[in-house]
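As structure tokens, the structure follows; a few thoughts come after it.
Keep in mind that this is a model prediction, so the values were computed, not measured. Just so it is clear: chains get the letters A, B, ... in the order the sequence lines come, proteins before strands, and each one is counted from 1.
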Amino acid sequence: MRPLALAMKRVSEIPMTDTRFDPSKADGRWQRAWDKAGTFTADSNNEKPKSYVLEMFPYPSGRIHMGHVRNYTMGDVLARYKKMRGFEVLHPMGWDAFGMPAENAAMEKKVHPGAWTRSNIEAMKAQLKRIGFALDWTREFATCDPEYYGHEQALFLDMYEAGLIDRRSSEVNWDPVDMTVLANEQVIDGKGWRSGAEVEKRKLDQWFLKITDFAEDLLDGLGDLKDWPDKVKLMQENWIGKSQGLEFGFSLSNGGTLPVYTTRPDTIFGASFVAVAADHPVAQALAGEPEVAAFIEECKKGGTTAAALETAEKLGYRTSITAKHPFTGEPMPLLIANFVLMDYGTGAIMGVPGHDQRDFEFATKYELPITRVIARDFSEASAPMGDEAEPGDGVCVNSDFLDGMSVEDGKAEIIKRAEDGGWGEGTTVWRLRDWGISRQRYWGTPIPFIHCDACGIVPVPKDQLPVTLPEDVDFETPGNPLERHATWKHCACPKCGGEARRETDTLDTFTNSSWYFLRFASQPDDAPFDADEIAKWMPVEHYIGGIEHAILHLLYARFWTRALAHIGKFDVKEPFASLFTQGMVTHETYRLGERGWLSPSEVRIDGEKAFALEGGEEVERGRVIKMSKSKKNVVDPDNIIEQYGADAVRWFMLSDSPPERDLPWSEAGIEGCYRFVQRLWRLFDQFDDSAAGEDKPLARRAHQAIVAVAEDIEALSFNKAVARIYELTAATEKAAPSESRNFAIRALLHMVSPMMPHLAEEAHAKMGADALLADAAWPEHDKAMLVEDEVTIAVQHKGKLRDTLTAPKGASKEDLEAMALASEKVQRSLDGAEVRKVIVVPDRLVNIVT
RNA sequence: GCGGGUGUGGCGGAAUGGUAGACGCCGGGGACUUAAAAUCCCCUGAUCCUAUAGAUCGUGUGGGUUCGAGUCCCACCACCCGCACCA
């Protein structure tokens, strides 16, 4: 730790004086004042326009980290700014409290997941309070509260009623370490998103939410999300994966029909084989033959990781079956192929080697015919194929009646003929799958269903909700504690009264976060939410969180909102009007041979080099990457706040880096922020009631800053707002006392109040105010003061700057040209050359062309 | 492979087609002080130079459009992210 940091500790013990702001006293004082006054309690019963500012609620892992601080500081500035602008602001906080880590803790530390979660929430809430966030804590809840998940169960039953929920046997992603099913979205590179274990395929009875019913709607809706990052919209679009093509049947030589799906019906005359997935019924029917069985086994072995797929060789097995081409009637071989996926399309394809790279590689290997049916130009119909497929655009060739047609027309023509002939139809295929939500875990929302031998699957009657989790569970053995609990699952069938069993699966935690924003907006006891309140607050005006939720959470939340609107709960389609994905907080890494990674607090920086505090050896300074426990490059917010106060940390979070990019944490940076807190404190102290007189240039800068900072905040360009505040601060410091200077000081006080609320309140009170600054309005600006009366004109010759001159605003082109030519520097540059043309941009520049 | 993003001083980054490097950090020099901390002031892209002046170069690379390009267009390079045997 650097000497300055040590000095800070002493500083905090020095009483607050005119020249020193003491956050250790002020922070708590104002946090209590806001609490007591209910300053940030949202009230829907007034005429003010409403604004809902929301940050993605945290998982209560134990400690707040810098990423949270950055995320919530941005939201906090927006919430406080909106309030200053006359909006009634809803800015709530809660806890995404179900999930695996609680169960892992239960296994490792022998604590109940609920107790572990509750104590984490308590600790993290205290941390958030210390940062002074303008949150409406009256609406706080945790998703593990029975009231919350009980309402979730009710919504689940409503969705079941409406046919949006399915129970079916399905091949699922099974995580052998967490011993649970995972959604496709939770499988990353073939591994479980939490455990990192290689995911296996299993067939299980599962509950599904029919998100695919909304595929088209979810895709179309992206078009309306004007204030979402294009990147996120694209990721969702790709994930939903709409593709249009033709589904048709091949007549097989064994008498059957094989449905295939293709997006390129225009290339049908280039088809030279047909291939099915290893687990396709046609392949399975042949599994009696030992050779086929062996091949199918071989196909299953291949890894599913990206690297494995990249290098995986295309394998095929040629069956004795042939398929008849629908137009030429030619028999084509049917193969079993490892690259055909059972769960996309029909699990079978027509192979067109000339115009699909995979088919090309496959055909080359198994010596199947490769014909050109698309060419760049009709005259190139007989051009030989190269050593790659040609998947691009062109015209149809060697294709009978399609010859000469564009790819697009060719597609339409084949689809039309297939439909007219009754052997196929144009279809849409989606990449998106239904959302499997069953989890064989304890710490989640119990699925409110009962299995009865006589009545089948029976929903739990709503008056029996919530179905709560049993408290007495053990985590000694792997698997689902609900399943092996002695009594919990045994119950009476609500229909026949006979003996029955509760569903022991719980809901995927992503269901908890799919509607929490609705519960924040209204919290009646007897219903999940109130439609009138929803109408007042929704949609969320600003939603801020990490890019890692671009698909999972954000797609699910959009789906739930649509589904609930679909069943008539309210009239909101999109939950989040604007979305902002903030960058990560990063830090340099330190590594020392055998000792491995060192944390920043174990390292002393000296110029270019770094040394271990313990032992003094030189340490290797590594890349600046996301703060993570494993690399030890973390900085604990609590320690920083204790040293520098909440406002310095908040200011750091907003400074320098644009909010969507990564923010490198540095000791020097936070010290600079602390210095600025103190600098402002001294400036605020110079507010002087007795000062008189006008300082027009300073007043003008203040008015301009009021407008510019507001624009920057609204654009979430906090780094620019910060820079402008620095500029106005410097100008104000230099100015002599005047009424204008007092105005500038007050403007600064108000402008920094969303960012450094404690300092601002303290200074505000010291200036004699008895109301809270948090309730004050954004400063007014005078339009007349925005306009300069003198401007600086750049004078260029040969495209280079030669001189600058000061001219009255609005000076005529002729005057500017004359002034420019009169410049000694310009004349020297011209050196007698003939002026051919002079370009004058009023109030900006003069460019002389010779 | 497909899709997207980024590239500007030592560092983070500013810049409606119009003075590139605002603002912050680092660094250097100075003032104040017995000394230190804190604070304040000045300098700080590179090169040349006859040095309070001036010139040239400079926003990943190469072209183009323009009176004028970090910004627009074309081609390329590097890095980062997402998806991926999706027919």
Side-chain angles (χ1 to χ4, degrees), chain A residues 3-4 7 10-11 19-20 188-189 229-235 237-239 241 243 245 260-264 267 275 277 302 304 306 308-310 312-314 337-341 343-352 355-359 361-362 391 429-431 547-548 550-551 586 607-608 624 651-652 655-658 660-664 666-673 675-676 678-679 682 717 719-727 729-730 733 792-804 825 828-829 836-841 843-850:
Chain A
L4 180 58
R10 276 187 277 119
V11 161
T19 53
R20 177 112 41 207
I188 319 274
D189 286 343
D230 290 340
K231 183 186 171 80
V232 174
K233 285 189 278 189
L234 256 157
M235 282 166 76
E237 188 181 321
N238 291 338
W239 190 263
S243 107
V260 300
Y261 170 74
T262 178
T263 55
R264 294 295 301 273
T267 63
T304 49
L309 290 175
E310 191 100 356
E313 204 180 347
K314 306 242 175 312
N338 66 343
F339 70 93
V340 179
L341 305 174
D343 58 358
Y344 185 79
T346 60
I349 60 157
M350 68 169 192
V352 185
H355 307 282
D356 179 284
Q357 187 55 29
R358 290 154 304 170
D359 295 352
E361 288 169 29
F362 191 72
V429 168
W430 304 88
R431 188 180 171 282
I547 186 79
E548 67 272 19
I551 297 171
T586 58
E608 297 284 294
V624 179
W651 189 251
F652 186 100
S655 304
D656 296 347
S657 290
E660 68 279 7
R661 288 208 216 163
D662 289 351
L663 173 68
S666 74
E667 194 75 18
I670 185 68
E671 281 166 14
C673 292
R675 279 199 296 274
F676 187 62
Q678 298 300 342
R679 198 173 143 197
R682 288 190 299 274
S717 299
N719 56 322
K720 288 194 239 168
V722 162
R724 290 188 207 282
I725 286 169
Y726 273 118
E727 280 175 310
T729 300
E733 283 169 337
T792 307
I793 306 289
V795 184
Q796 296 181 335
H797 170 225
K798 289 194 237 167
K800 290 206 173 62
L801 182 73
R802 303 295 163 177
D803 197 7
T804 57
K825 288 178 182 174
R828 209 184 307 143
S829 173
R836 290 193 305 176
K837 197 174 170 188
V838 179
I839 283 139
V840 181
V841 181
D843 297 335
R844 287 220 87 116
L845 64 63
V846 178
N847 190 5
I848 300 161
V849 187
T850 55

Exercise for review: Identify whether any heavy atom of A:Thr792 sits under 4.0 Å from a base atom; if not, whether one sits that close to sugar-phosphate; answer base, sugar-phosphate or nothing.
Suggested key: base
Point to revise | Residue A:Glu727, side-chain heavy atoms: nucleotide from B:C67, B:C23, B:A20 that is nearest | key: B:C23
Review point. With sugar-phosphate meaning primed atoms plus P, OP1 and OP2, does A:Asn719 contact a base, only sugar-phosphate, or nothing at under 4.0 Å between heavy atoms?
Key: sugar-phosphate
Check your understanding: What's the NZ-P distance between A:Lys720 and B:C23, to the nearest Å?
Key -> 16 Å
**Study point:** Side chain to side chain, A:Ile848 and A:Arg802, heavy atoms closer than 4.5 Å
**Key:** no
Study note, to complete from the structure: Note on RNA chain B: ranges paired as stems (three or more Watson-Crick/G-U pairs in a row, both atom distances under 3.5 Å) are B:1-7 with B:77-83, B:10-12 with B:23-25, B:27-31 with B:39-43, B:45-48 with B:54-57, B:60-64 with B:72-76
Check your understanding: Where does B:G70 land, syn or anti, given syn is within 90° of 0?
Key -> anti
Review point. So, does the side chain of A:Arg802 form a donor-acceptor pair with the base of B:U19 at under 3.5 Å?
Key: no
**Study point:** Non-hydrogen atoms of A:Val340 and A:Ala275 that approach each other most closely
**Key:** CG2-CB, 4.0 Å
Exercise for review: Describe the nucleic acid contact of A:Val849 in one word from base, sugar-phosphate, nothing, applying a heavy-atom distance below 4.0 Å.
Suggested key: sugar-phosphate
Check your understanding: Base, sugar-phosphate alone, or nothing: which one does A:Tyr261 contact when heavy atoms must sit under 4.0 Å apart?
Key -> base
Practice item. Would you classify A:Lys798 as touching base, sugar-phosphate or nothing, given that sugar-phosphate means primed atoms plus P, OP1 and OP2, and contacts are heavy atoms under 4.0 Å? Key: nothing
